[in-house]
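These notes concern the structure reproduced below.
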Amino acid sequence: MTTRKKTPPTSPKTTGSTATAAAPTPEAALPPAAPRPVDQQLKTWDTAVRLFADKRYPEALELFRQTAAGPAVHVADKARSYAQICERKLPITQTELRTAEDHFYCGVERLNARDLARAREHLSKALRMQPDGDHILYTLSLCCGYAGDANGAYENLKRAIDLEPKNRVLARQDSDFKALATRFPALLALLGTDAAHGA
């Protein structure tokens, strides 16, 4: 019996029409476009917010700082605000304190925790760096009062009022200062009789 020789099938790659279809287009040969800076900023912002929500503050802080350097101004402003919150939530050892405001916020955090010695230390450093910081003097006065230092409470609040008279009104309305005024006559005299009556 005669065996019929089979002709091998033609490869699709050898056909003219298929070869034309498989040829890469000029667009496909181009490398992918780099992301725009604003898109990268928004992506970093989204990641930072998720880390913040998970209370992963050190990692979030770094990404918020990167976001703050981006081109979208409104996003950068929000990132700076969140970075400050992260800094306040970090233990002191994890935050490099450079400015008067750094020491001030650290002092406020320690004051809220009733760590009066550390609070006074940082508020005093802040005041040395910014001697005319009436908000620092106001808070330092409160810290001194909590510690039982009547003279320190009086002197710092007096200076705060001399620098910004509105601080007298604020202290009169501040429940903490009202309580201290009942203990320290000099402080009560500085604030006026309205403080004793809760005005």
Side-chain angles (χ1 to χ4, degrees), residues 48 52 57-58 60-61 64-65 67-70 72-199:
F52 182 86
Y57 300 120
L61 173 60
F64 281 131
R65 285 174 173 168
T67 305
V73 176
H74 68 289
V75 178
D77 287 342
K78 289 193 293 184
R80 277 188 284 273
S81 298
Y82 271 88
Q84 290 178 352
I85 296 171
C86 288
E87 288 170 354
R88 293 172 208 169
K89 289 183 177 292
L90 291 178
I92 295 171
T93 54
Q94 294 188 38
T95 307
E96 186 177 354
L97 305 176
R98 298 191 186 95
T99 66
E101 288 301 293
D102 289 339
H103 283 287
F104 172 73
Y105 287 123
C106 187
V108 170
E109 187 271 329
R110 289 293 82 205
L111 182 61
N112 289 336
R114 291 300 184 266
D115 182 358
L116 300 180
R118 295 290 294 278
R120 190 165 185 169
E121 175 187 342
H122 285 286
L123 291 170
S124 296
K125 285 181 180 178
L127 189 60
R128 285 196 293 273
M129 298 171 78
Q130 189 178 340
D132 293 336
D134 63 283
H135 62 299
I136 301 173
L137 287 160
Y138 183 99
T139 308
L140 183 56
S141 170
L142 195 57
C143 183
C144 290
Y146 282 144
D149 180 1
N151 186 61
Y154 173 84
E155 291 296 335
N156 285 300
L157 184 58
K158 185 176 185 302
R159 284 186 61 200
I161 292 170
D162 288 343
L163 288 166
E164 176 50 74
K166 289 180 181 178
N167 283 318
R168 190 192 305 271
V169 178
L170 291 176
R172 284 175 176 173
Q173 297 171 347
D174 190 324
S175 59
D176 292 315
F177 269 115
K178 288 177 186 178
L180 291 175
T182 63
R183 294 170 51 195
F184 305 132
L187 202 58
L188 179 61
L190 179 62
L191 295 178
T193 56
D194 287 344
H197 299 295

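Residue numbers run from 1 in the order of the sequence given.
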Do [X] and [Y] have side chains that approach each other closer than 4.5 Å (heavy atoms only, starting at C-beta)?
| X | Y | value |
| --- | --- | --- |
| Tyr146 | Asp176 | yes |
| Leu191 | Leu157 | yes |
| Leu188 | Thr182 | no |
| Leu127 | Leu137 | yes |
| Arg183 | Leu180 | yes |

Test your reading of the model: is there a side-chain donor-acceptor pair from [X] to the backbone of [Y], 3.5 Å cut-off?
| X | Y | value |
| --- | --- | --- |
| Glu164 | Lys166 | yes |
| Asp102 | Thr99 | yes |
| Arg65 | Ala79 | no |

Legend entry - Verdict with supporting geometry, His103 and Leu123, side chain to side chain contact (heavy atoms under 4.5 Å, CB included): CA-CA 6 Å; His103 283 287; Leu123 291 170; over 6 Å; no
Any chance [atom1] of [X] has more than 12 other-residue heavy atoms, nucleotides or ligands included, within less than 6.0 Å?
| X | atom1 | value |
| --- | --- | --- |
| Phe52 | CZ | yes |
| Arg98 | CZ | no |
| Lys158 | NZ | no |

Inset, instruction - Using the ring of Phe64 (Phe, Tyr or Trp, six-membered ring only), decide whether Arg80 places NZ or CZ under 6.0 Å from its centre and within 45 degrees of its axis. - result: no
Inset, instruction - Would you sort out whether Asn112 and Glu109 count as a side chain to side chain contact (heavy atoms under 4.5 Å, CB included), showing the intermediate values? - result: CA-CA 5 Å; Asn112 289 336; Glu109 187 271 329; 5.7 Å; no
For the student: nearest non-hydrogen atoms of [X] and [Y], plus distance:
| X | Y | result |
| --- | --- | --- |
| Lys178 | Arg172 | CE-O, 2.7 Å |
| Ser141 | Ala153 | OG-O, 2.6 Å |
| Ala119 | Leu111 | CB-N, 3.6 Å |
| Gly70 | Ala76 | O-CB, 4.3 Å |
| Leu61 | Cys86 | CB-CB, 3.9 Å |

Legend entry - Residues Asp162, Asn167; criterion side chain to side chain contact (heavy atoms under 4.5 Å, CB included); working and verdict: CA-CA 9 Å; Asp162 288 343; Asn167 283 318; over 6 Å; no
Legend entry - Salt-bridge criterion met for Asp149 and Arg120 (N-O under 4.0 Å): yes
Legend entry - Gap separating the CD1 atom of Ile136 from the CZ atom of Phe104, nearest 0.5 angstrom: 6.5 Å
Legend entry - Spacing of CD belonging to Glu121 relative to SG belonging to Cys106, to within rounding of 0.5 Å: 8.5 Å
Inset, instruction - May I ask you to check whether Tyr138 and Phe177 place their ring centres under 6.0 Å from each other? - result: yes
Inset, instruction - Could you check Arg159 against Glu155 for side chain to side chain contact (heavy atoms under 4.5 Å, CB included), going step by step and ending with a plain yes or no? - result: CA-CA 6 Å; Arg159 284 186 61 200; Glu155 291 296 335; 5.5 Å; no
Inset, instruction - Only one of Leu140, Leu142, Thr139 passes side-chain contact (heavy atoms from CB on, under 4.5 Å) with Asn156; say which it is. - result: Leu140
Inset, instruction - Determine whether the side chains of His135 and Glu101 contain a donor N or O and an acceptor N or O closer than 3.5 Å. - result: yes
